[in-house]
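Letters go in sequence order (proteins before strands), and every chain restarts at 1.
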Amino acid sequence: MANPGGGAVCNGNLHNHKKQSNGSQSGNCRKNGIIKEDQQNGKPHCYKQIVESFEEPPLHVMVFTYLGYGIGTLFGHFRDFLRKCGIEKCNTAIEREKQRDFVPLYQDFENFYTRNLYMRIRDNWNRPICSAPGPQFDIMERVSDDYNWTFRFTGRTIKDVINMGSYNFLGLAARYDESMRTIKEVLEVYGTGVSSTRQEMGTLDKHKELEDLVAKFLNVEAAMVFGMGFATNSMNIPALVGKGCLILSDELNHASLVLGARLSGATIRVFKHNNSQNLEMLLKDAVIYGQPRTHRAWKKILILVEGIYSMEGSILHLPQIVALKNKYKAYLYIDEAHSIGAVGPTGRGVVDFFGMDPREIDVLMGTFTKSFGAAGGYIAGRKDLVDYLRANSHSAAYATSMSPPISEKIITSIKFLMGDDGSTQGLQRIQQLAKNTRYFRKKLSEMGFIVYGNEKSPVVPVLLYMPGKVAAFARSLLQKKIGVVVVGFPATPLAEARARFCISAAHTRKNLNTVLEALDEIGDLLQLKYSRHRKSMRREPYEETSFELDD
Amino acid sequence: MDFRGVKGYFSWIYYQYQIISCCAVLEPWEQSMFNTILLTIFAMVVYTAYVFIPIHIRLAWEFFSKICGLHSTIYN
């Protein structure tokens with residue numbers, strides 16, 4: 001089908017059943033345009049259209065990206081040579097003169113990329129802020145005199161920068177106001193620190209209240225909370241699986257899941273991102289062939305996935321994965337760090353998004369950092385699972401438990417979302433987030449940017465590709481008083497650098513329009529509008545005919 | 001984007017070249033060095049093309065016409 005079919009997609013009306021495959025770049029199983037799948041699994045309330053796109057860029061973009069990296073690498077080698085000769089001062093860590101003949105302590109080549117490419121554009125990361133991360137925040141101004149090796153603060157702050165980078169989906173991370181009065185009271189009674197672990201003397205009644213509330217919110221039997229979200233994953237997966245078990249993990253899983261899986265000692269097999277056919281193939285092999293040499297059955301098979309993947313913006317294909325897990329008798333662990341509170345009609349995460357029963361998922365994990373304005377993580381599921389974790393988790397045994405004011409903040413946020421105080425403000429925020437997401441994503445694709453992910457996910461990655469453009473993009477947006485997070489090589493594939501926008505319910509339409517105008521301008525200046533589905537490309541014929549009709 | 005005439009257009013093209021080839025993130029002396037090398041290579045290519053391409057075309061034309069000419073004299 002010729003390309004004008006793409007126009008039907010970009011005016012926001014995605015009810016056409018067309019699989020777009022641009023012939024020049026197809027031939028791999030990566031989705032190459034707008035794909036729509038119908039989820040028919042017999043239950044009418046589970047019917048859900050998943051619309052996600054991972055468009056491939058034109059060929060010249062990839063050529064230029066690799067060219068740019070090639071030139072950067074050449075200059076990197078040249079500068080390394082100068083440093084080694086002593087012509088230039090070396091600012092990174094090197095061994096002392098006396099220890100030059102010892103076994104090398106610092107791996108020169110591994111840090112090549114950091115030293116030569118990342119350092120040049122380092123001013124776009126680690127920017128210190130000095131206010132609450134609400135929809136607008138203040139950034140401390142800093143300059144570098146020696147090309148980003150050292151920074152100094154000028155003393156000024158850049159005020160009212162629009163915040164498109166913080167994970168503040170519902171706008172609950174804000175300065176103190178009257179609704180946080182209970183947190184002040186808890187601070188007065190309990191103080192700040194707990195000074196103990198859960199298993200010793202660190203279990204407060206606030207934790208019990210919070211855990212009951214989390215279980216009620218998620219509609220499961222029980223939950224347990226931990227002080228740190230990363231530690232929730234990395235310390236609890238080893239408690240659930242061990243040697244002789246199999247972990248099937250998505251290829252784009254977060255570092256905490258990967259660390260937990262590796263620490264557990266189980267065998268890890270990776271399946272292609274969000275691809276249930278690949279997962280089914282791996283499950284079949286696992287069930288048929290068993291463990292590698294002995295061919296005994298696996299003790300447990302655990303599937304590790306995330307609700308929303310933060311670098312891609314894609315939402316998990318939950319119904320298919322649950323169907324697979326039931327068929328092959330595996331266990332499912334979902335990390336809802338980015339999806340709890342952010343998707344679903346009532347904000348209860350990806351399970352709510354698909355209208356499924358939370359009892360079908362064995363381990364529900366999530367964090368309170370993103371949507372609840374606090375810190376920490378939880379694991380929820382059946383009561384015997386949670387009781388087992390209370391006794392056997394490393395985090396419960398060794399890590400300090402959650403601080404009381406933070407627990408109270410989460411309690412307040414959850415009650416706000418559930419509407420316990422009688423108001424519907426929580427539900428309004430969730431709907432506002434959905435509206436903002438829809439508007440922002442629609443406008444971005446109309447403008448012609450390549451945007452990854454599901455159309456309903458509040459994490460919006462816009463692809464930039466070239467390293468020079470990444471730096472120019474972040475710096476120009478900061479000059480226009482918009483703060484964004486750009487992500488480059490180690491966190492994303494080499495050639496796919498991107499800018500990641502996080503929409504918040506606290507963003508007003510005016511904020512979003514300011515950002516969109518700035519993006520339009522910078523997109524034209526830096527030539528970032530690579531998408532083939534631009535609405536403006538269709539508009540011109542109409543304008544011409546309207547001129548003729550005017551005669 | 002409206003270009004302020006030819007100069008604006010050229011400065012935009014130069015800017016695009018700089019960000020695509022990572023020159024924008026290099027230090028100024030590295031940029032000058034890279035531009036110098038690139039211009040030198042480009043000048044050498046242009047010079048070689050100017051000196052050698054007409055001669056090669058003329059020789060190739062003679063070679064092929066000789067073959068076709070020989071071909072036609074045999075047939076005659």
Residue pair A:Tyr147 / B:Pro28, side-chain heavy-atom distance below 4.5 Å: yes
Between A:Leu67 and chain B, with a heavy-atom cut-off of 4.5 Å, which part of the residue counts as in contact: side chain, backbone, both or neither? neither
Would you indicate whether the side-chain heavy atoms of A:Gln527 and B:Trp12 approach each other to under 4.5 Å? yes
Let me know if B:Tyr15 has heavy atoms under 4.5 Å from chain A in its side chain, its backbone, both or neither. side chain
Check B:Gln16 against A:Leu526 and note the closest heavy-atom contact, atom names and distance. OE1-O, 3.9 Å
If you round to the nearest 0.5 Å, how far is OG of B:Ser21 from CZ of A:Phe64? 10.0 Å
Is it the case that atom CH2 in B:Trp29 sees more than 12 heavy atoms from other parts of the structure closer than 6.0 Å? yes
Considering residues, nucleotides and ligands other than B:Phe10, do more than 12 of their heavy atoms fall under 6.0 Å from its CZ? no
Taking every non-hydrogen atom, the tightest pair across B:Glu30 and A:Arg120: OE1-NH1, 2.8 Å
Only one of A:Val470, A:Ile121, A:Asn148, A:Leu117 passes side chain to side chain contact (heavy atoms under 4.5 Å, CB included) with B:Val25, and that residue is A:Ile121
Within 6.0 angstrom of A:Lys443 NZ, more than 12 heavy atoms from elsewhere: no
Nearest heavy-atom pair of B:Cys22 and A:Pro467: which atoms, and what distance? SG-CG, 3.5 Å
Distance in Å, B:Ile37 CD1 paired with A:Leu74 CG, rounded so as to fall on 0.5 Å steps: 9.5 Å
Rounding to 0.5 Å, atoms CG (A:Leu464) and CD1 (B:Ile19) come to a distance of 10.5 Å
Residue part contacting chain B, namely of A:Phe78, when any heavy atom lies under 4.5 Å: side chain
